[in-house]
Amino acid sequence: MPLLSLIVPVYRVEDYLAQCLDSIFNQSFAERSPDELEVIAVDDASDDGSAKILAWYAERHGNLKVVTLERNGGLGAARNTGIDHATGRYVWCVDSDDWLPDGTLDAVAERVTATDPDLLVTGYARVYPDRPAEHHPVTDAGADLPETFTFAQRPKLLDILWIACNKVIRRDFLTRYGLRFGPGWYEDVAFVLPVMLAAERISVLDRYCYAYRQRPAGAITFTVSERHFEVFDQWTRVFDFLDTDPGRYGALRPLLFQRMIWHCFQVLGHESRVPRSMRRAYFARLTEQYARHLPTGGAPIPPGNDGVKQRMAAAGAYRLFELSMTAWQLRNRMSGQTGQPGTRRPAVATGGTG
């Protein structure tokens with residue numbers, strides 16, 4: 001059994017795929033301990049030159065397995081396929097337009113061996129084409145973290161971006177809880193949050209272990225589409241998971257509820273996501289989501305703009321929300337600022353393969 005199984009979904013990434021695979025196979029861990037590493041590339045019916053690139057690497061690396069899907073199923077389905085084919089003790093989803101910095105595999109292998117976690121959370125960096133990389137250390141979850149802990153013991157873990165790609169997860173833990181990626185956009189939300197909630201042993205590696213490429217072209221965060229409504233379905237899956245064990249997760253429900261409202265407003269507040277003609281309908285869904293998942297006894301109101309928006313969601317006050325957004329945008333244009341009100345937490349961004 002290898003120690004690490006890296007899952008690499010592939011769809012229309014011929015310009016980036018070689019860099020991703022080189023960043024894995026050129027690491028000292030891959031060269032020194034090839035039996036401890038397997039790489040499963042899932043060709044999600046990619047219609048560019050990615051298949052030829054995968055074939056070239058498979059001829060040269062015996063621990064690369066290529067799984068080819070007949071039709072495009074999307075990022076979540078491709079990751080699930082890769083996990084189903086994995087034999088390693090730990091699985092790690094690495095998107096094929098990103099890469100691993102030098103020394104990452106050695107550091108990850110050392111940490112999971114030393115702490116035996118269900119979940120390892122690593123530091124990462126957003127890498128931009130036109131400005132310096134933005135590093136995100138795991139210390140965002142708090143200082144003096146113990147060797148292992150649970151999410152309930154360190155709920156500030158919620159402040160770290162909810163991407164799957166800085167999470168190294170014990171494979172039999174995923175099997176035990178039946179945790180899978182669901183269909184649709186924002187699929188990381190409904191996977192990562194249950195993983196963090198269920199893990200009995202979480203460890204962190206406060207090291208730059210993942211280069212998260214930021215490319216607006218094709219990213220869902222810069223795509224105006226009605227598919228942004230799928231964020232509600234993903235959050236409903238999170239609350240369905242909470243309901244599987246109310247005794248264990250009930251105390252965390254208000255925190256997750258507050259974060260759900262914040263996230264749904266983040267999507268609505270981004271000018272390049274929800275179509276203008278559908279904003280009222282989106283807000284109505286948000287209000288419905290509020291009522292559907294409001295914890296018994298209510299939920300605390302956060303301070304500042306986040307609290308104001310949460311009250312608007314509760315009241316269904318769409319016109320008031322739009323008036324406040326218009327006033328805020330006008331004020332920012334006059335002052336040269338950017339962003340949206342109440343953005344003290346990192347927004348969640350997740351892409352798709354088709």
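Taking a cutoff of 4.0 Å between a charged side-chain nitrogen and a carboxylate oxygen, D84 and R180 qualify as a salt bridge. Taking the charged nitrogens against the carboxylate oxygens, D98 and R215 have no contact shorter than 4.0 Å, which rules out a salt bridge. Using a 4.0 Å cut-off between a side-chain N of Lys or Arg and a carboxylate O of Asp or Glu, R12 and D48 do not qualify as a salt bridge.
With a 6.0 Å radius and a threshold of 12 heavy atoms from other residues, nucleotides or ligands, R176 has its CZ atom above the threshold.
Residues passing the salt bridge (charged side-chain N to carboxylate O under 4.0 Å, His left out) test with R276 are E322, sequence neighbours excluded.
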Sequence neighbours left out, cut at 3.5 Å: what donor-acceptor pairs do the side chains of residues 288-301 make with other protein atoms?
unit_1, atom_1, unit_2, atom_2, d
Q289, NE2, F232, O, 2.9
Q289, NE2, T236, OG1, 3.3
H293, NE2, T236, OG1, 3.3

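Aromatic ring centres of W262 and W235: separated by at least 6.0 Å. Checked against the 6.0 Å centroid threshold, H136 and Y208 do not count as a close aromatic pair. Here Y124 and Y210 keep their ring centres 6.0 angstrom or further from each other.
Applying the salt bridge (charged side-chain N to carboxylate O under 4.0 Å, His left out) test to every pair with at least one member in residues 55-66, sequence neighbours left out, gives no pairs at all.
Judged by the 6.0 Å and 45° rule, R285 forms no cation-pi pair with Y282. A cation-pi geometry, defined here as NZ or CZ lying under 6.0 Å from the six-membered ring centre and within 45° of its normal, does not hold between R126 and Y212.
T223 and R273 are not linked by any side-chain donor-acceptor pair at a separation below 3.5 angstrom, with hydrogens and angles left out of the test.
Under the side chain to side chain donor-acceptor pair (under 3.5 Å) rule, S5 has a single partner from E38, R89, H85, which is E38.
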